[in-house]
Amino acid sequence: MNTAKARTNSEDYLRMYRQMVRIRSFEDNANQLYLSAKMPGLTHMYSGEEAVAVGICEALRVTDKITSTHRGHGHCVAKGAEFRQMFCELLGKEEGYCRGKGGSMHIADQANGNLGANAIVGGSMGIATGAALSAKRLGRDDVTVCFFGDGATAQGLMYEVMNMAALWKLPVIYACENNLYGEYTKVEETAAGSITARAEAFGIEAFTVDGQDVLAVNDLTQKLVARARKGEGPFFVELMTYRYHGHHVGDINREYYRSKEEEADWKANRDPITNFGKWLATEGIATDAELEAIRAEVKADAAAAVDYALAAKYPDTSEVGMHVYAANG
Amino acid sequence: MNTAKARTNSEDYLRMYRQMVRIRSFEDNANQLYLSAKMPGLTHMYSGEEAVAVGICEALRVTDKITSTHRGHGHCVAKGAEFRQMFCELLGKEEGYCRGKGGSMHIADQANGNLGANAIVGGSMGIATGAALSAKRLGRDDVTVCFFGDGATAQGLMYEVMNMAALWKLPVIYACENNLYGEYTKVEETAAGSITARAEAFGIEAFTVDGQDVLAVNDLTQKLVARARKGEGPFFVELMTYRYHGHHVGDINREYYRSKEEEADWKANRDPITNFGKWLATEGIATDAELEAIRAEVKADAAAAVDYALAAKYPDTSEVGMHVYAANG
Amino acid sequence: MRDITLSKAVNEAIAEEMRRDPTIFLIGEDVAEAGTPFKVLSGLVEEFGPERIIDTPIAEPGFMGIAVGAAMTGSRPIVDLMFGDFLFLVMDQLCNQAAKTHYMSGGKLNVPLVLRTNLGATRRSAAQHSQSLHALVAHIPGLKVAMPSSAYEAKGLMKTAIRDNNPVVIFEDKLMYNDKSPVPEGEYLIPFGQANIKREGTDITLIGTSSMVQVAERAAELLAAEGISAEVIDPRTIVPLDEETILRSVRKTSRAIVIDEGHQSYGITGEIASRIMEKAFYHLDGPVIRMGAMDVPVPFSPALEDVTVPTPEGVAENARRLMRGEMFHAA
Amino acid sequence: MRDITLSKAVNEAIAEEMRRDPTIFLIGEDVAEAGTPFKVLSGLVEEFGPERIIDTPIAEPGFMGIAVGAAMTGSRPIVDLMFGDFLFLVMDQLCNQAAKTHYMSGGKLNVPLVLRTNLGATRRSAAQHSQSLHALVAHIPGLKVAMPSSAYEAKGLMKTAIRDNNPVVIFEDKLMYNDKSPVPEGEYLIPFGQANIKREGTDITLIGTSSMVQVAERAAELLAAEGISAEVIDPRTIVPLDEETILRSVRKTSRAIVIDEGHQSYGITGEIASRIMEKAFYHLDGPVIRMGAMDVPVPFSPALEDVTVPTPEGVAENARRLMRGEMFHAA
Ligand SMILES: Cc1ncc(C[n+]2csc(CCOP(=O)(O)OP(=O)(O)O)c2C)c(N)n1
Ligand SMILES: Cc1ncc(C[n+]2csc(CCOP(=O)(O)OP(=O)(O)O)c2C)c(N)n1
Ligand SMILES: [Mg+2]
Ligand SMILES: [Mg+2]
């Protein structure tokens, strides 16, 4: 655990802790909704990777933008979204962030700068780079973070936009969540050479960080965001992390591609919430009881939001033809 | 001039010289056909870059494959094509390599292993990589060379296929003809970082070579081809070269993107044919008169082929519906 | 005959062809151990090994391009594209390269490859995993396009596709993978360009593609109960299209409805309806009715998604109107 | 009014809008100093600077994606795609992202961008630089599609496209860049979804898109000399499509030919013909005739290329047959 700035900002630390707990709690509920057949379709759990989303998003302002992925609930919560509208969206309800039209894989929260999850692997890399170009051109000092997985580094689009981001010095941070797998395949089998070297070859400064250590992630991001705001971007960060669940909620029997021992080891020894909790207690920032209270509170919030969403109404079928085109003028 | 192996193989040297002269001669005639409005459409001249195509193709066997570009006449000649069918193709005649259906930008010569020029920048990178996969899988030891320009390094497809070529150790050589410009733009404005580093980041060995020195190109290629045949590929080579004409034959006023002085300097001091000719004479491999005889002979060949092609007949209009689908069985 | 799933039928077709011809290989994401997310290819890597069942990185344009090059040089690749929606990523390699190579080379180069992918909404997968994009590829000369409507067609068309010397795109309905239907034990192929008359009838012709054949069949049952005799036709391949079988039917029934799960506007229903109207105009008692999916991105919410695709009830209702001579659109 | 080229009209439209709205920028290959290979944008970088007229590397998917992200965050990008054939490279960003974002976000995110590109064969540019691919994008809900037929339309439609809050694809005919026609000095916009009756007539309706409007007009002249009065309609936008104007005309003339430079099969002629037949069936004296480009990759050889596209003579011949009541296709 990175101890820089320990105790200097208890409030920030506790908010990070709470945000990580909120993500875990959201995912536990989403998984239950799937298992109890109350959720339409499939969804991809972020559990285990909380320190990545929270460490990064806590370094951002509301007006900073992010683009997210198919595994997007964590980014959405971390960038400031509310449980109710999120669960409503996952259940296809009218009060969802996207009025039920997007669902888990397209959840967006434009008011908080989340330009949306994306069901095309790598599909948001251009969008993030474009948001950065937009900010720069319009004279705003907003930064954009592009989240994507190790698997997405195989998509050519990434190299096209990194080239332009580097040529034009855009305020964008490419955040590669390397959770060691893309679907059912190990990253070694799909990524030749070095991921960070690929960014460096375009003249982009690249970093590798322990994605289970929220403070390490946050420290690095704060520095890079500050530099990007000053026009020193783009940057590339590879965050080493792990997803606890299967590729999606339906991916139950997965021993053919990864062992139970490996999973158990990450959960037991590298859990971002447990470890950060221990550190907060050791540093005297919060007692175990205080942390337990946060967890209980979040749990109750989540349960209430789930109940709300389950009872909420579906959009009227007349909405099906709405929002194909934006109104003009 | 690389003097390794000087005099050890006069026949090879003279063939290289002749092939370079043949390309230059072909292009001079193609340009004239355009200027005299005898050629339909536009075309892109290879003049100035002859040492690249010849140095590489002279290291290949007939069964080795190449993929070519919009600037493809040089590759086509170097891989063994005949003037007559080439000029017929440029003029849209029935006896052309593609029965007039392809034209300059799609000229292919499958019998000599030329899988075709391509009018999509970067469009042949997958094709070349696939030809290499095919050879490997079918147990042939053929090597494929993928020709492309500096501009094509901006296309994401390149990174996608380099990744797979590296993972699967495919016998493919990516040959980047860096002629300093893509259309009307300098390479510095469109390529961030380092082109060879991009290949290296995928674990691919990369080389830079003087593309005006046919022996240097040939030596390097021979080594890499031999290694690729043994399964040590893929490789990446950046060949520093220069195109004498505009981007295409119609690009006449080009001082807004490159100076006449620069052009004159390359022609005067770095011409691959002149310099190789001087070296052949100095080394006593051929006299000036012998070289002059080669040039005269090629010139006559080219003129005869042009006359032939001008007189040749167009395909019958009934051919328009042929070759949309290959016959089965 | 035994009943097998569409998924198994595809698997058998590929396995049989791969046993027959060593130049065939299969390439795509998670096709080997995982056997694809839909488990269609399970077992193939065990039989044919990772050299012939090739797992790729998530690089659709890349492996599509690789397949084109392999096809040009003696291999017969089968490309597995996990979702039909990813077609947008491979369009350049498929349409600018694969589709045109034979023509541009004056017949000298062939591109014998199969692109197998899927279509179909109502799986709650939202706008980027639910599209039915066959119209896009059907528009490009040089490509053939097959749309199996059951396990039987899935097997027979796949085998024909693999033996074809051209690029063939084959769309499976991802909601039908577990549907069982009778499939012969022995080898059979279904030729391209031969429509199948699924059900004979005299009053109206229902032309459906892929899962819409089932929708048409169910509509035909509803109509039969009311004494309306519907003929159901499955074109099986939309390129080449068996116009003759369709026209013969319409000349008999004088009425037709075309049902398809692609977006209606600028989709395939317009082509089929136009050809009928062009070539059987004087036999028609009313306009050919088109029923495609709604012209909206596929919404996630079940409440919305279900109304975007044609239903048996909707087809039956349009058939009744046609029968009643109600020219609802005509003004 | 003065006569200006289509090229100049596009240039003016962009310049006027960029002066009005600082959030507009233009992005593409060789758009700045070079002003595009067709020189359509010459002078813009001098006025607006390289920050707003942005030269890119040769990375169509990349700059298309960048434009989508910029459009979602307060900019109004104009994307310059050098050849319509390169649409295949940007389909994912255009169709999976730009077209669907507004819908998937439940109306919260907008993507106000213009993709300007071109179409048209007979330039001896062969199969990968000659395609007319508007049917592909017209099929995707969320996109609007404009097809100017002269300098006048090119300017007015471009200005409307730039002000539209949705992704708009605008296809210029690359052979028409130097064609001059009258264009007002003052500002004007052409609303989307309003067809233009180019020439009034009573016997037959000729519906043409882009340069095929000229082909239709020339056919109308040929026919006029024979006493046949043809009405020529230019839809101007195919999404949205002004059905009413087309139907009103056909209800009057009872005959129609649809002429387009995209491949005929599964292209836009099928959609327009179907809509006419669906909604004006009882007014028709014969089938709607469709004339698209041949279903072949565009060949290089002039001898072959010229026969692939509709001609005034061909249109006139079909019109005569329709007038004579020859139902050549009907059996
Ligand atoms: C273009 C595209 N190809 C394939 C898929 C199917 N798919 C969804 S998630 C995924 C794996 C992504 O791996 P990674 O980027 O590492 O993200 P992770 O799931 O590990 O978070 C794949 C292949 C897709 N959605 N989009
Ligand atoms: C995908 C694509 N984008 C753009 C073009 C237009 N174009 C043709 S050649 C060219 C420049 C290519 O530059 P480079 O790769 O360096 O090759 P060079 O012409 O210098 O040999 C461009 C932009 C194209 N043909 N294909
Ligand atoms: Mg991953
Ligand atoms: Mg170049």
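Within every chain, numbering begins at 1; the chains are lettered A, B, ... in the order of the sequence lines, protein sequences first and strands thereafter.
When the side chain to side chain contact (heavy atoms under 4.5 Å, CB included) test is applied to A152(A), the partners found at least two apart in sequence or on another chain are V121(A), M125(A), F148(A).
Taking G203(A), A166(A), A165(A), A191(A) one by one and counting their heavy-atom pairs under 4.5 Å with chain B, the maximum is reached by A191(A).
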Between chain B and chain A, identify all donor-acceptor pairs below 3.5 angstrom, including backbone and side-chain atoms.
residue	atom	partner	partner atom	Å
G156(B)	N	E160(A)	OE2	2.6
E160(B)	OE2	G156(A)	N	2.6
N163(B)	OD1	A192(A)	N	2.8
N163(B)	OD1	R198(A)	NH2	3.4
N163(B)	ND2	T190(A)	O	2.8
T190(B)	O	N163(A)	ND2	2.8
A192(B)	N	N163(A)	OD1	2.8
S194(B)	N	A201(A)	O	2.9
R198(B)	NH2	N163(A)	OD1	3.4
A201(B)	O	S194(A)	N	2.9

